[in-house]
Amino acid sequence: MGRISSSSSLPFSWWSAWRYYLKSPKPFALVILSFLNFTFLIVCDPQILATAQQVEASKLYEHLTHLQNEVETLKLHEQLTHFQNEVEDVRSHAKDWVVSVGMEDDDNVNVQRRNEVKDAMLHAWTSYERFAWGQDELQPQTRNGMNTFGGLGATLIDSLDTLYIMGLDEQFQRAREWVANSLNFNKDYEASVFETTIRVIGGLISAYDLSGDEIFLEKARDIADRLLPAWDTPSGIPYNLINLANGNAHNHMWTGGNSILADAASEQLEFIALSQRTNDFKYQQKVENVIMELNRTFPADGLLPIYINPHTGISSYSRVTFGAMGDSFYEYLLKVWILGNKTDDVKHYREMWETSMKGLQSLVRRTTPSSFAYICEKTGNALSNKMDELACFAPGMLALGSLGYGNGEAKKFLSLAEELAWTCYNFYQSTPTKLAGENYFFHDGQDMTVGTSWNILRPETIESLFYLWRFTGNKTYRDWGWNIFQAFEKNSRIETGYVGLYDVSTGDRDNLMQSFFLAETLKYLYLLFSPPSFLSLDKWVFNTEAHPLRIVTRQLNEGS
């Protein structure tokens, strides 16, 4: 309705009188009296009164509606804020959108342990942010960064999925912005093809699989394209080093021109995953050609020496080991089979792995007097009673692969995995600092002695404890992991991050926080104290740098 504005709505007789008094010289009192009478009639006229009331009521209703809307908006905002706070609180303690389940079998002890590991990650990351942002690794004692991988931000990229999994969202977003705006691969630097693949490509694809953010996939493709010329050899076995700016590739001088087994044959997970996500199968073809070449002359025991001639594809006379320079080749045979969801298209990976596990069993020996199981190294027919801490990934690999066997074989391999894990745990428990040395020797009557005495925050034993916990449900493995974590806290944590030890006997500290401490060691500890449904092994497979990749079923001849 409109407001009263027209004289035509007034009674005619009173309007005439009003005009008369306005035009005639009458006493002022009569004018006032007439005005009062006029006003009185307006107020008392039911029609006018109703109209006025409707106008005012309309105004009041509109105003009331506006106020109600504001109130509802405020209520909604408060509810949303409250909900967001609750969500953030939950996510900060138990973020697992990838499996859409909660920490259903948690108890207070493991919640506390997981939170302490998260605090350790936050301490390590905050120190890196403060003193080495964008550089490869932090030197905590001198409070500066160093570019051990050509300035590719190795620690930052290695940490992306750990930050995401632990619910450290603000830190993840800052890292994401650096990747989007500052990460540059056009560097005149001779990069390790292997290290760049497992840390950078693996880290970026994992961050993409977890977050769905395309920027990570774009960057992964950029660096992968720069590495591809390394595979341009007569045999397809890649060189181990490549210049990221000009694509010139070669091998280390100290290998006699040979490629290193682990370095040349441990890129399959990352490159196959990249092909699956981009639908560009040039990456997959490069790395699968390597396996085809190795399978062509694969030995009956499945054990390959650590040096391969990139021109002929033939192994050179050298050491066989499940430690440094050999380890991840065997790991990836199993995990590519898992990444492809165990279809016929990837069964040859499983077959090669099972052959290699027969060879592994031939290298297992036991000490006196305590009967610790360990994995020997071999050169030709000569055995060496030495085992790297790096080889402590093997118990986890055996546990992971045991499910592909029949019941009897599965139990045998799981039992061997548990024996080897006990040995690896005692690598830690046998030293004054309760931290493991780099490798161990085994002599009759002495069980084990430290060889190389440094500890650089390695994850392999904890990795195996994680798998054994997942497959056995034995809480002892959680307790062992907690003991190792406490030893890191006691010996390696300083005000500005975490450092390794020069000597596990004396506790003398070095000046480097390895990127894999954030990528692997702390992640596996966090997962060790999380329920089995968190990052389910039915849906995810971890690369050798502990970056989880989503399992995607391979179709027959896909990418050929």
Side-chain angles (χ1 to χ4, degrees), residues 113 117 120 162 321-324 326-328 330-331 360 364 367 370 372-375 377 386-402 413-442 447-472 474-492 498 500-501 504-505 514 516-530 542-546:
R113 289 177 175 181
V117 174
T162 308
T321 179
F322 281 82
D327 47 7
S328 53
Y330 305 101
E331 175 187 1
L360 180 147
V364 173
T367 70
S370 302
F372 287 117
Y374 63 95
I375 305 171
E377 296 182 345
K386 169 182 171 288
M387 181 175 170
D388 289 349
E389 199 280 339
L390 279 166
C392 285
F393 85 96
M397 176 186 67
L398 290 168
L400 183 62
S402 67
F413 276 94
L414 191 58
S415 177
L416 177 58
E418 293 191 280
E419 279 193 86
L420 291 169
W422 171 238
T423 300
C424 290
Y425 176 61
N426 277 277
F427 284 175
Y428 286 79
Q429 294 303 297
S430 63
T431 72
T433 58
K434 306 300 181 185
L435 291 177
E438 182 73 357
N439 51 53
Y440 284 76
F441 290 94
F442 305 88
D447 282 332
M448 63 181 70
T449 57
V450 176
T452 305
S453 61
W454 68 60
N455 178 289
I456 57 173
L457 308 170
R458 288 200 187 276
E460 284 74 23
T461 296
I462 298 166
E463 174 185 356
S464 286
L465 297 180
F466 158 70
Y467 282 109
L468 284 166
W469 150 247
R470 285 287 179 99
F471 287 106
T472 70
N474 187 342
K475 296 181 179 179
T476 297
Y477 297 119
R478 285 177 148 179
D479 292 335
W480 291 359
W482 180 246
N483 292 339
I484 293 172
F485 174 67
Q486 288 183 307
F488 279 127
E489 289 292 286
K490 179 179 179 180
N491 296 282
S492 295
Y498 286 83
L501 303 183
V504 294
S505 295
Q514 304 276 350
F516 55 67
F517 180 67
L518 293 81
E520 300 185 72
T521 308
L522 292 178
K523 183 187 292 140
Y524 279 130
L525 279 165
Y526 187 82
L527 294 174
L528 179 62
F529 304 126
S530 302
F542 292 83
N543 85 336
T544 197
E545 191 77 2

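Numbers here are sequence positions counted from 1.
Among residues two or more places apart in sequence or in another chain, the side chain to side chain contact (heavy atoms under 4.5 Å, CB included) test is passed with D327 by A262, L390, F393. With sequence neighbours left out, S464 forms a side chain to side chain contact (heavy atoms under 4.5 Å, CB included) with P395.
A373 approaches V364 most closely through the heavy-atom pair CB-CG1, 4.4 Å. Of all the heavy atoms in N455 and Y428, the pair that sits closest is ND2-CE2, 4.4 Å. Contact between S492 and L435 at its shortest, heavy atoms only, is OG-CD1, 4.0 Å. Considering all non-hydrogen atoms of both residues, S402 and A399 come closest at OG-O, 2.7 Å. In plain terms, the two heavy atoms of F517 and L457 that are nearest each other are CD1-CB, 3.6 Å. Scanning both residues, T433 and A487, for their nearest heavy atoms gives O-CB, 3.7 Å.
Side-chain rings of W480 and Y477 approach one another, their centers coming within less than 6.0 Å. Separation of the Y524 and F542 ring centroids falls under the 6.0 Å cut-off.
With rounding to the nearest 0.5 angstrom, the CD atom of E377 is 3.5 Å from the NZ atom of K386. A distance of 12.5 Å separates OH of Y526 from CZ of F485, quoted to the nearest 0.5 Å. Note that CG of L528 is 12.5 Å distant from CG of L522, once rounded to the nearest 0.5 Å. Of the inter-residue distances, the one linking I484 atom CD1 with T521 atom OG1 reads 10.0 Å to the nearest 0.5 angstrom. Note that the OG1 atom of T461 and the CZ atom of F466 stand 15.0 Å from one another [nearest 0.5 Å]. Here L398 contributes atom CG and E418 contributes atom CD; the two are 11.0 Å apart, rounded to the nearest 0.5 Å.
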Check against side-chain contact (heavy atoms from CB on, under 4.5 Å), I375 and T321: CA-CA 8 Å; I375 305 171; T321 179; over 6 Å; no
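Under a 4.0 Å N-O distance rule, the pair R458/E438 qualifies as a salt bridge.
Residues W482 and Q486 form a side-chain contact, since some pair of their non-hydrogen atoms from C-beta on lies under 4.5 Å apart. Using a 4.5 Å heavy-atom threshold, the side chains of M448 and S370 count as separate. L468 places none of its side-chain heavy atoms less than 4.5 Å from the side chain of N474.
Between the side chain of T162 and the backbone N or O of K523 there is no donor-acceptor pair closer than 3.5 Å.
For the 3.5 Å distance criterion, the side chains of Y498 and E489 qualify, holding a donor opposite an acceptor.
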